[in-house]
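Treat the numbers as computed from the prediction; the structure is a model and nothing was measured.
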Amino acid sequence: MIDLMNTSTHTGPIKESFLPRSLTAPETGVATQLETDNDPIASREETHKHSNNTSYTDAKLLSVSSDPVNFEIMQAFLKQSGYTNIVPVYDLNDVYDQIHVVRPDIILFDNMSISESEFGILEKIQANKKIRQVPIVILTAQTELSAKLRALELGVVEVLPKPVNSNELALRLRNILSVRTHQNRLANYDPLTHLPNRESFITRLDWALKYSKRYETSGAMLLVNLNRFKNINDALGPTSGDRLLKAVADRLQDTLRKSDMVARFENESSEATLSRIGGDEFSVLLPVITHPEDAAVAAQRIQTQLEKPFQLGDKEVYVSCHIGISVFPNDGNSKDAILHAAGASLHQAKLEGKNGYKFYAGSLNEKVVHRLAMENQMHKALAEKRFFIHYQPKIDFKTGNVIGAEALIRWECCQRGYISPAEFIPVAEETGLILQIGDWVINEVCMQINQWIAAGITPPRIAINVSSMQFKQMKFLEQLQATLESHQVESRFLGIELTESTLMDNVNEIAELFSNLRKMGVKIAIDDFGTGYSSLSHLKKLPLDELKIDRSFVIGIGKEKDTEAIIMAIIAMAHNLGLSVIAEGVDQEQHVQFLNQHGCDGYQGYLFSKPVPASEFSDLLSSVNTNGQYLRYQEDCSDAVNQSHKTVDK
């Protein structure tokens, strides 16, 4: 047993084990730096998780002492007692500011004289509702009862006379922290489901809105209301009703825990939070999402999980739900605005019935529904083989021969008919379906090349568009090689086209991939050149074969002198780098004349041929005249040219 005085020493640890880093909950009000990067609710959840622990030595202590030697003595004792997270303050004037910066779980004033200046600090702390709940313990040699009472009136929880017994101090710290943990749990958690309650949810929402504003991210709130709960509660009794609410909470928690619709960042605070905000209503906060559609995915999964029956004793019951969704910052920048938007959208969802979900913004709701419908339709199209390939020839300026072709994916939806690639490709990229679609295109083209060769037709090199996501897959080269071998196709018949934006990432890694493709015998072209702002230093490092001038430049020929100058510069630069140049979107004779005059190697566009099915492309290859030139596709191209402006066709 040791008495702690300014010159005292002690030996022998007092065993304590663990304090969840929990007592910095927002109710203490000590999170001020965006409550910035640190999500306050995370610590509150740890409080609840470890609320049965009896020791709290992981707490953060702010130790105030004007004497460094005195602090060293106190620190040595506290460390032997298990407390290691101790922050010293030697100047009384710094205490108030340090509380906001350090966010302590408890403040320990050691050897305090309880002077007027010290009372002034206590009054300042007490006046700030954000920090006045932090427990304060005073160790003092001051024996006047009036000073002690005044300190207690100002919110101090313990005033201990010095010398103080070390065991007593350790136990008092433990008990104070234990009470604080219990208070936080009562204040911030629903006692039935053990989920964060409404107040806790609102605090987390407020933090998420600040995070969204600072880092320019988006998030969403889902308000979930159970249907038929009152009927079940009335029929089976409140005990069964409580059991159902707990079962719903567990199932929703499990659904969100396993979900992948929330954007994942290094900050754990980006994870979804489920709360019970009252009665049969739950809320879900998605602090960081990539697209509003992610909230719709979450809503769909919640509804799917709740459709499964719940077992209450010998009774099997069914519940469903309506969900209102608000997205920030689209629907507001304040917690009141987001709560209102979620409530209004929930009300609208109930009016429409059918256990659905509804976004607050009608236009956003239509957009999300449309996108999700397209995603589902693309899944079906892959399964039902409703995608197909058209081939657009590339023409050599010098000979007029077809020197290649670009394979372009097409889709005829069973419900909507023909859908432009400009509409479905971005959705495929956002959802990751582009990987499956890309693999299908490579397989389909290789199979078609094999069929042409088997029929005695030697095709030119066929270029396949590969998305950045697909290209950067670890096994892309292996899968490409395996597909070529499975269809017995030589790599000289295949080319790869990548958009210029692909070059903006890791150049060294991209260069290695390009080199391996070249070793395989696959030619590489950069598509839509001039729109991705890639640097010349990137081009110099990459083993490329071809640049394709984007159609947006070609249409300016004969109209814009600046555009013509850019085209001439691209051609000259590419030739200096040893690359051939193909112009896209050529649909007028003056395009051909200008490009040919300035040394462009080839072109593709509606002037020669629109993209055509494999059978028509075969006929085109077969219709060679006696001079060895492929005949121009004879048809009225005027309608096709007009349509080219509305699609991503070359």
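- Residues Thr563 and Gly556 approach most closely at CG2-CA, 4.2 Å, considering heavy atoms.
- Scanning all heavy atoms of the two residues, the minimum distance from Pro196 to Leu274 falls at CD-O, 3.3 Å.
- Ionic pairing of Glu584 and Lys548 is present here: one or more N-O contacts between side-chain nitrogen and carboxylate oxygen are shorter than 4.0 angstrom.
- Taking every heavy atom of both residues into account, Tyr83 and Arg174 meet most closely at OH-N, 3.9 Å.
- When all heavy atoms of Ala299 and Ile323 are compared, the closest pair comes out as O-CD1, 3.7 Å.
- Here the straight-line distance linking atom CZ of Phe328 with atom NZ of Lys335 works out to 13.0 Å at 0.5 Å rounding.
- For an aromatic pair to be called close, the ring centres must be under 6.0 Å apart, and Phe471 with Phe514 satisfies this.
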| Candidate pair Leu480 and Leu517, rule side chain to side chain contact (heavy atoms under 4.5 Å, CB included), full reasoning | CA-CA 10 Å; Leu480 180 62; Leu517 278 171; 3.6 Å; yes
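- Between Tyr357 and Phe359, the ring-plane angle classifies as perpendicular under the 30° and 60° cut-offs.
- Here the closest non-hydrogen pair linking Val157 and Pro135 is CG2-CB, 4.2 Å.
- Panel note: side chain Asp105, backbone Lys60; a donor-acceptor pair is recorded below 3.5 Å.
- Arg204 places no side-chain N or O within 3.5 Å of a backbone atom of Leu285 that could act as its donor or acceptor partner.
- Here the side chain of Ser212 pairs no donor or acceptor atom with the backbone of Ala208 at under 3.5 angstrom.
- Counting heavy atoms from C-beta on, the side chains of Trp411 and Met374 come closer than 4.5 Å.
- Not a single donor-acceptor pair under 3.5 Å links the side chain of Arg276 to the backbone N or O of Pro191.
- To the nearest 0.5 angstrom, Leu205 atom CG is 11.0 Å from Lys210 atom NZ.
- Expressed to the nearest 0.5 Å, how far CG of Asp527 lies from CD of Glu497 amounts to 4.5 Å.
- Between the CD1 atom of Ile425 and the CG atom of Asn465 there is a distance of 8.5 Å, given to the nearest 0.5 Å.
- Looking only at side-chain heavy atoms (C-beta outward), Ile99 and Pro104 come within less than 4.5 Å of each other.
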| message | Applying side chain to side chain contact (heavy atoms under 4.5 Å, CB included) to Glu307 and Ser320, what does each step give before you reach the verdict? | response | CA-CA 6 Å; Glu307 287 172 357; Ser320 58; 5.5 Å; no
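- A heavy-atom distance below 4.5 Å is not found between the side chains of His322 and Lys358.
- Between Val64 and the choices Asp91, Val87, Leu92, Leu108, the side-chain contact (heavy atoms from CB on, under 4.5 Å) rule is met once, by Leu92.
- In this structure, the side chains of Leu498 and Ile510 stay at 4.5 Å or more apart for every pair of heavy atoms.
- In this structure a side-chain-to-backbone donor-acceptor pair under 3.5 Å is missing from Ser200 to Asn197.
- The pair Asp250-Lys246 fails the salt-bridge criterion, with no side-chain N (NZ, NE, NH1 or NH2) lying under 4.0 Å from an Asp/Glu carboxylate O.
- Note that CG of Leu154 and CD of Glu123 are 5.5 Å apart. Values are rounded to the nearest 0.5 Å.
- With 3.5 Å as the limit, one finds a donor-acceptor pair spanning the side chains of Asp550 and Ser552.
- Considering only residues two or more places apart in sequence or on other chains, Tyr90 meets the side-chain hydrogen bond (donor to acceptor under 3.5 Å, both in side chains) condition with none of them.
- Counting heavy atoms from C-beta on, the side chains of His194 and Asp190 never come closer than 4.5 Å.
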| task | List the steps, then state whether side chain to side chain contact (heavy atoms under 4.5 Å, CB included) holds for Phe282 with Leu252. | result | CA-CA 9 Å; Phe282 295 83; Leu252 293 180; 4.2 Å; yes
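- Within 6.0 Å of CG on Asp562 lie no more than 12 heavy atoms contributed by other residues, nucleotides or ligands.
- The backbone N or O of Ala422 lies less than 3.5 Å from a partner atom in the side chain of Ser420, making a donor-acceptor pair.
- Legend: residues meeting side-chain contact (heavy atoms from CB on, under 4.5 Å) with Lys79, ordered by chain and number and at least two apart, are Gln75, Ile86.
- Side-chain contact check for Val224 versus Glu281: every heavy-atom pair is 4.5 Å or farther apart.
- Side-chain atoms of Asp294 come within 3.5 Å of backbone atoms of Thr290 as a donor-acceptor pair (strictly under, hydrogens ignored).
- A heavy-atom distance below 4.5 Å is not found between the side chains of Asn330 and Tyr360.
- Counting heavy atoms from C-beta on, the side chains of Arg103 and Val134 never come closer than 4.5 Å.
- By the 4.0 Å N-to-carboxylate-O rule, Lys380 lies too far from Glu375 to be salt-bridged with it.
- Side-chain atoms of Thr217 never come within 3.5 Å of backbone atoms of Lys213 as a donor-acceptor pair (strictly under, hydrogens ignored).
- Other residues, nucleotides and ligands contribute over 12 non-hydrogen atoms within 6.0 Å of the CD atom of Glu423.
- Here the shortest heavy-atom pairing between Leu177 and Ala59 reads CD1-CB, 3.7 Å.
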| request: Report the C-alpha distance between Gln470 and Ile434 in whole Å, list the side-chain angles of each, state the deciding distance to 0.1 Å, and finish with yes or no for side chain to side chain contact (heavy atoms under 4.5 Å, CB included). | output: CA-CA 7 Å; Gln470 183 184 10; Ile434 195 68; 5.6 Å; no
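- One finds the CE atom of Met221 at 11.5 Å from the CG atom of Asp331 (value rounded to the nearest 0.5 Å).
- In terms of modelled atom types and a separation under 3.5 Å, the side chain of Ser326 and the main chain of Ile338 share a donor-acceptor contact.
- Within a 6.0 Å sphere centred on NE2 of His291, other residues, nucleotides and ligands contribute more than 12 heavy atoms.
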